[in-house]
Amino acid sequence: MTILFSGAFNPHFEALPEYLIAAFRRLGHRVETFDHRGYLLPGRVRRRVSALDRIDRSLLNRRFLRRVRAVRPDLVVVNQGTALAPSSLRVARDLGARCVNWFSDYPLEFEEGLALAPSYDAFFSGSSHAAGRIRGAGHRHAGWLPFACDPAVHRPEEPGSGTRAPFVAFVGSHYPERQILLRHLRGLPVEIWGPGWARAAGDPHIAPMIRGDALRPSRWRTLFSRASGVLNIHYGSFGPREVSGDLANTRVFEILGCGALQIVDRQGDVLRLFREGTHLWAFSSGDELRSRVEAALRDEAGGRAVAARGREEVLARHTYEHRARLLADPAFTGFAVDPEQPASVRLAGGGRA
C-alpha cells in the first residue's frame with residue numbers, strides 16, 4: 001500500500017509521526033510524507049495579519065494537493081493537521097485515497113478538529129473522552145485510538161557499571177500542577193528533567209530536585225533504566241475531564257516500553273488499558289504519590305516485577321505497529337469503552353490490537 005503521511009516534523013525531537021512512519025515501513029508499506037506545518041511565513045506574522053494567514057494556508061494546501069497527485073496514495077494519514085482544508089481532503093478522496101486522521105493531542109485544537117471530522121473517512125482521538133465528544137456531535141466515524149510505544153526506541157538499557165543510591169525520575173515539561181504535586185516529594189531522592197523547570201528554581205522544595213532541560217529518548221531511556229521508579233503526571237492532572245481528556249499520554253506507553261516501574265496519576269484511559277498494581281502503580285493525591293515513591297525506593301525487587309509485567313503488556317498490545325495495522329484497516333472503527341465495565345476495553349469494527 002502507498003501511504004501519504006501528513007504531520008508536523010521536529011528535527012530535534014522524535015515523536016508520533018516518526019514512530020508511526022517507521023512502523024508502516026516495517027509492515028512493508030511505501031510511505032511518503034508531507035509537513036503540514038511547512039508554512040512560508042512565520043507564525044507571528046500570520047497571527048498578526050489574517051489576510052497573509054489565509055494566503056499562506058491556501059499555498060500550503062496547493063502543495064499538499066500536488067503531493068497527493070504525485071504520490072497517488074491509497075491511504076492518507078494525517079496527525080492533527082488543522083491546516084488542511086476540507087476541500088483538499090475531498091480532492092484526495094476523489095482521487096481514490098482513504099483519508100484518516102489520528103487527532104492525538106487533546107485538548108490542543110479540539111474545536112478545530114471537531115469541525116474537520118466530517119472530512120475524513122475515519123477520525124481517531126488519543127482520548128476516549130474526546131472521541132466520545134466527537135461521536136456525540138454526530139460524527140459516527142470517530143473513535144478512540146490510544147498512543148503506543150516503539151520497541152526499537154522505547155526499550156530497557158543496561159543501567160551501567162558501578163552502584164548508585166536509589167532514586168526516582170520525572171521527565172516532562174513544567175506545569176504548575178506538576179510543581180505542586182512534586183512538592184510532596186521534598187526530601188526524597190527525586191530527579192526532575194524537562195523544559196521550563198527554571199521557573200521553579202526559587203521553590204525551596206523543588207529546586208534540589210531539578211537536574212536539567214529536555215532529554216531525547218536515548219538519554220531518558222538510560223535514566224529510566226537506572227531509576228527505581230519513573231513518575232508520570234498528566235497535563236491537567238486531577239482537573240476536569242475537559243482539560244485532561246482522561247487520556248493516557250505518550251509517556252504511559254514509553255515508560256512501560258523501557259521496562260521501568262511507572263508511578264502515574266489515575267487517568268481513566270490509563271486504567272482502561274492497564275491494571276493498577278499489575279502493570280503500574282497509580283496515585284490520586286500528593287500524599288499517595290509520596291507513599292508510592294517511598295515504596296519504590298524501599299522495594300526495588302517488587303517494583304521490577306511490576307515493571308516487567310507492564311513491559312510485557314505494552315509490547316503485546318500497544319506498539320506503533322499495532323496502531324499502524326489498525327489505521328490501514330478500513331474495518332477498524334476505534335477502541336470502544338464498554339459502559340458496563342468501565343475498566344475494560346474492547347475493539348469495535350473487527351480490528352485487532
Side-chain angles (χ1 to χ4, degrees), residues 1 3-10 14-27 29 31-37 64 73-84 86 88-89 92-93 97-135 139-150 245-254 269 273 317-337 345 347-349 351-353:
M1 181 186 293
I3 298 171
L4 177 61
F5 184 94
S6 181
F9 300 95
N10 184 341
E14 308 94 313
L16 184 151
E18 288 79 12
Y19 302 143
L20 189 56
I21 288 168
F24 277 127
R25 286 173 174 160
R26 284 195 294 268
L27 293 173
H29 299 296
V31 184
E32 301 293 334
T33 63
F34 179 78
D35 188 341
H36 55 232
R37 292 287 180 89
F64 171 74
D74 304 293
L75 175 66
V76 173
V77 178
V78 180
N79 178 218
Q80 299 286 115
T82 56
L84 298 182
S88 298
L89 295 164
R93 294 170 73 181
R98 176 172 168 261
C99 294
V100 174
N101 195 315
W102 191 358
F103 206 82
S104 54
D105 196 358
Y106 183 89
L108 182 68
E109 301 178 317
F110 176 76
E111 296 300 330
E112 294 94 325
L114 190 63
L116 286 172
S119 302
Y120 288 89
D121 296 290
F123 194 87
F124 299 110
S125 170
S127 154
S128 65
H129 172 68
R133 287 181 64 187
I134 298 168
R135 288 178 68 86
H139 305 313
R140 308 309 300 170
H141 59 304
W144 174 34
L145 188 64
F147 293 109
C149 72
D150 182 343
D246 217 20
L247 62 73
N249 63 16
T250 57
R251 279 286 192 268
V252 169
F253 305 89
E254 294 164 353
D269 286 352
L273 298 169
R317 303 177 189 275
H318 304 292
T319 70
Y320 280 103
E321 285 192 20
H322 289 114
R323 304 299 186 250
R325 287 191 182 95
L326 296 177
L327 288 166
D329 181 359
F332 178 68
T333 58
F335 284 30
V337 179
V345 172
L347 296 181
R352 279 187 179 271

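- Phe124 is linked by a ring pair (Phe, Tyr, Trp, His ring centres under 6.0 Å) to Phe332, counting only residues two or more places apart in sequence or in another chain.
- Among residues two or more places apart in sequence or in another chain, the side-chain hydrogen bond (donor to acceptor under 3.5 Å, both in side chains) test is passed with Thr250 by none.
- In plain terms, the two heavy atoms of Ala142 and Ala131 that are nearest each other are CB-O, 4.5 Å.
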ask   = Should Phe147 and Ser104 be marked as a side chain to side chain contact (heavy atoms under 4.5 Å, CB included) after you check the CA-CA gap, both sets of side-chain angles, and the distance that decides it?
value = CA-CA 8 Å; Phe147 293 109; Ser104 54; 3.5 Å; yes
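- Atom CG of Leu327 is separated from atom CG of Leu75 by 7.5 Å, given to the nearest 0.5 angstrom.
- In this view, Leu108 and Gln80, Asp105 satisfy the side chain to side chain contact (heavy atoms under 4.5 Å, CB included) rule, not counting sequence neighbours.
- Applying the side-chain hydrogen bond (donor to acceptor under 3.5 Å, both in side chains) test to His139 and every residue at least two apart in sequence or in another chain returns nothing.
- Side-chain contact check for Phe103 versus Thr82: some heavy-atom pair is nearer than 4.5 Å.
- Remark: Asp121 pairs with Arg93 by the salt bridge (Lys or Arg N to Asp or Glu O under 4.0 Å) rule, at least two apart or across chains.
- The OG1 atom of Thr33 sits 7.5 Å away from atom CG of Leu4, with the distance rounded to the nearest 0.5 Å.
- Side-chain atoms of Leu116 and Asn101, non-hydrogen and from C-beta on, never get closer than 4.5 Å to each other.
- In this structure, the separation between NE2 on His36 and CG on Asn79 is 6.0 Å, given to the nearest 0.5 Å.
- Arg133 meets the salt bridge (Lys or Arg N to Asp or Glu O under 4.0 Å) test with Glu111; sequence neighbours excluded.
- Listed by chain and residue number, nothing satisfies the salt bridge (Lys or Arg N to Asp or Glu O under 4.0 Å) test with Arg98 (two or more places apart in sequence, or in another chain).
- The side chain to side chain contact (heavy atoms under 4.5 Å, CB included) test applied to Ala130 returns Tyr106, Phe110, Ser125, Ser127, not counting sequence neighbours.
- Looking at heavy atoms from C-beta onward, Asp269 lies in side-chain contact with Trp144 at the 4.5 angstrom threshold.
- Heavy atoms only, all atoms of each residue included: Ser6 and Leu84 are closest at OG-CD1, 3.7 Å.
- Pro146 and Phe253 make their closest contact through CB-CZ, 4.0 Å (heavy atoms, listed as atom of the first residue, atom of the second, distance).
- Of the possible polar contacts, one joining the His141 side chain to the Tyr120 backbone as a donor-acceptor pair under 3.5 Å is found.
- Residue Pro73 comes nearest to Ala97 through the heavy atom pair O-CB, 3.5 Å, listed as atom of the first residue, atom of the second, then distance.
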Solution key, residues 16-27 side-chain donor-acceptor pairs under 3.5 Å, sequence neighbours excluded:
from, atom 1, to, atom 2, distance (Å)
Glu18, OE1, Ala15, N, 2.9
Tyr19, OH, His154, NE2, 3.3
Arg25, NH2, Val31, O, 2.9
Arg26, NE, Glu321, OE2, 2.6

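- Every side-chain hydrogen bond (donor to acceptor under 3.5 Å, both in side chains) that Glu32 has, sequence neighbours left out, goes to Arg30, Arg67.
- The ring pair (Phe, Tyr, Trp, His ring centres under 6.0 Å) search around Phe34 returns Phe64, not counting sequence neighbours.
- Scored by the side chain to side chain contact (heavy atoms under 4.5 Å, CB included) test, Ala148 finds Tyr320, Arg323 as partners (sequence neighbours excluded).
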